[in-house]
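Notes for the one structure printed next.
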Amino acid sequence: MHKVLVTGGAGFIGSHLVDRLIQTDEIGQVTVLDSLTYAGDQRNLVAAMDSPKLQFVEGDIRDTDLVGDLMPSHSAVVHLAAESHVDRSLRDVGNSVSTNVMGTQTLLDAAMRCGVQKFVHVSTDEVYGPMPTGSAREGDPLRPTVPYAASKAASDLMATSYFVSFGVPVCITRSSNNYGPRQHPEKLIPLFLRKLLTGEPVTVHGHGQHLRNWLHVEDNCRAIELVLRRGIPGQIYNIGGGTDLTTLELTGRLLRIVGMDWDSVTTVADRTANDIRYSMDWSKIAELGFQPRCDLASGLAETVHWYRGNVDRWPVAEATGTLADGAELTAVGA
Ligand code: NAD
């Protein structure tokens, strides 16, 4: 029976992945390693906590001793722990680099020492940078424009180097923008929903024509599990297949679902770095057997239902995208 270490398992995508993995017969134990930053929440694991397969360890992926003690009893790692928000990376570059690059390296070192059978490193389409036309393939150059994306790109390169130099069986997944229940309200969809559901206006940055591919979190987790089982070491897999929408198109959809109109929308100047378009070719993961299943209309309806039922989950400041010093998060990218 496999034992899988999931870093960042108390976060948005990680908790959905844990829910999936503990239902898998061949997996005998799922260990979550998570330091419970502002983005991590054990309530995300409430369903999984009922399973004897779940072990939760509160700790930091940069803690060499802890990671070194934990890793040897596991046959596989799925690494999701990260500072995942673009705006916060603009305000504290060092924290993104420390967690996303140094943390990944600490895990790779331990994986190398104890010979894990698979190390899935979870990354993002943002590493390719803006794609004014066409779609990025896995071997394309990385041209990140913001510190978050640059730190993820650096961690991808570090992971690849551990495969080439030391034979660590690394696979990398790069997915488009995820949405669904439990996402922290600093991200665009929950930020807008939380504001609209409490009668506050939402703010669109610039012309609102920034294009993103919106993929339901369950679809991404199915693809990550597929790569865990069948991904070829050393390979990168783009995970797309969601719905392409500009920020204005997405805003229109959210307004319709909650029954509000454009009077609830204001615009402000764009930030300096805001990639105009992301697009990936995901034929490689499709060849491995992946097809997304969740259509945007039902996925968004389910997401709205969840946020309606969890209005009090985050403090008002966090729910409305305000940092401790009063600065407002812009949530343009993801
Ligand atoms: P999230 O911010 O919701 O969760 C991150 C989790 O990592 C949290 O539980 C946090 O407590 C934990 N964490 C942060 N720093 C840590 C540290 N030093 N040690 C241990 N735990 C730590 O993020 P998410 O949206 O679930 O994203 C998960 C992964 O997927 C990230 O690597 C992100 O780059 C990637 N990704 C996200 C998206 C998206 O749309 N959300 C898209 C593509 C890729």
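Just so you know, these numbers use all the heavy atoms, side chains as well, and skip hydrogens, waters and symmetry mates. Counting convention: from 1, in listed order, for ligands and their atoms alike. A quick note: this is a predicted structure, and the numbers were derived from the prediction, not measured. All residue numbers in this chain count up from 1 along the given sequence.
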Please confirm whether [X] comes within less than 3.5 Å of ligand 1 when only nitrogen or oxygen atoms on both sides are compared.
X      : value
Asp41  : no
Asp34  : yes
Thr37  : yes
Phe12  : yes
Ser175 : no
Ser35  : yes
Ser84  : yes
Leu80  : yes

Can you tell me which residue pairs pass the ring-ring contact (aromatic ring centres under 6.0 Å, His included) test with a partner in residues 145-173, sequence neighbours excluded?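 Only Tyr162-Phe166 qualify under ring-ring contact (aromatic ring centres under 6.0 Å, His included).
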
Pairs flagged by ring-ring contact (aromatic ring centres under 6.0 Å, His included) wherever residues 121-144 is involved - sequence neighbours left out: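 Residue pairs passing ring-ring contact (aromatic ring centres under 6.0 Å, His included), neighbours aside: His79-His121.
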
Part of [X] within contact of ligand 1 (heavy atoms, under 4.0 Å):
X      : answer
Arg62  : side chain
Lys152 : side chain
Tyr38  : neither

Going by the order shown, which atoms of ligand 1 are within less than 4.0 Å of some heavy atom of [X]?
X      : result
Ala10  : 9 (O)
Ser123 : 43 (C), 44 (C)
Gly59  : 19 (N), 20 (C)
Ala82  : 5 (C), 7 (O), 14 (C), 31 (C), 32 (O)
Val122 : 30 (O), 32 (O)
Asn177 : 40 (O)
Thr124 : 43 (C), 44 (C)
Leu36  : 11 (O)

Find the distance between [atom1] ([X]) and [atom2] ([Y]) and round it off to the nearest 0.5 Å.
X      : Y      : atom1 : atom2 : result
Leu300 : Arg256 : CG    : CZ    : 10.5 Å
Arg277 : Asp244 : CZ    : CG    : 7.0 Å
Thr64  : Met102 : OG1   : CE    : 8.5 Å

On the ring face of Tyr179, is Arg212 found with NZ or CZ under 6.0 Å from the centre and within 45° of the axis?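 No, cation not above the ring by the 6.0 Å, 45° rule.
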
Quick one: does [X] get a heavy atom under 4.0 Å from ligand 1?
X      : answer
Ser98  : no
His184 : no
Thr99  : yes
Ser15  : no

Within the structure provided, determine whether His210 and Ile276 are in side-chain contact (heavy-atom separation under 4.5 Å). yes

Between His74 and Gln29, is any pair of side-chain heavy atoms under 4.5 Å apart?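 With C-beta onward as the side chain, the pair touches.
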
Mind listing the closest non-hydrogen atom pair of Tyr38 and Glu186 along with its distance? OH-OE2, 2.9 Å

Would Asp219 and Arg222 pass as an ion pair if we require N to O under 4.0 Å? yes

Consider side chain to side chain donor-acceptor pair (under 3.5 Å). Of Ser84, Ser89, Ser123, Ser151, which one does Asn100 pass it with? Ser151

Leu21 with Leu107, same ILVMFWY side-chain cluster at under 4.5 Å: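 Per the 4.5 Å side-chain linkage, Leu21 and Leu107 are not co-clustered.
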
Shared hydrophobic cluster, Met71 / Val4 (ILVMFWY, side-chain heavy atoms < 4.5 Å):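 No, because Met71 and Val4 fall into different hydrophobic clusters, even though each may have its own neighbours under 4.5 Å.
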
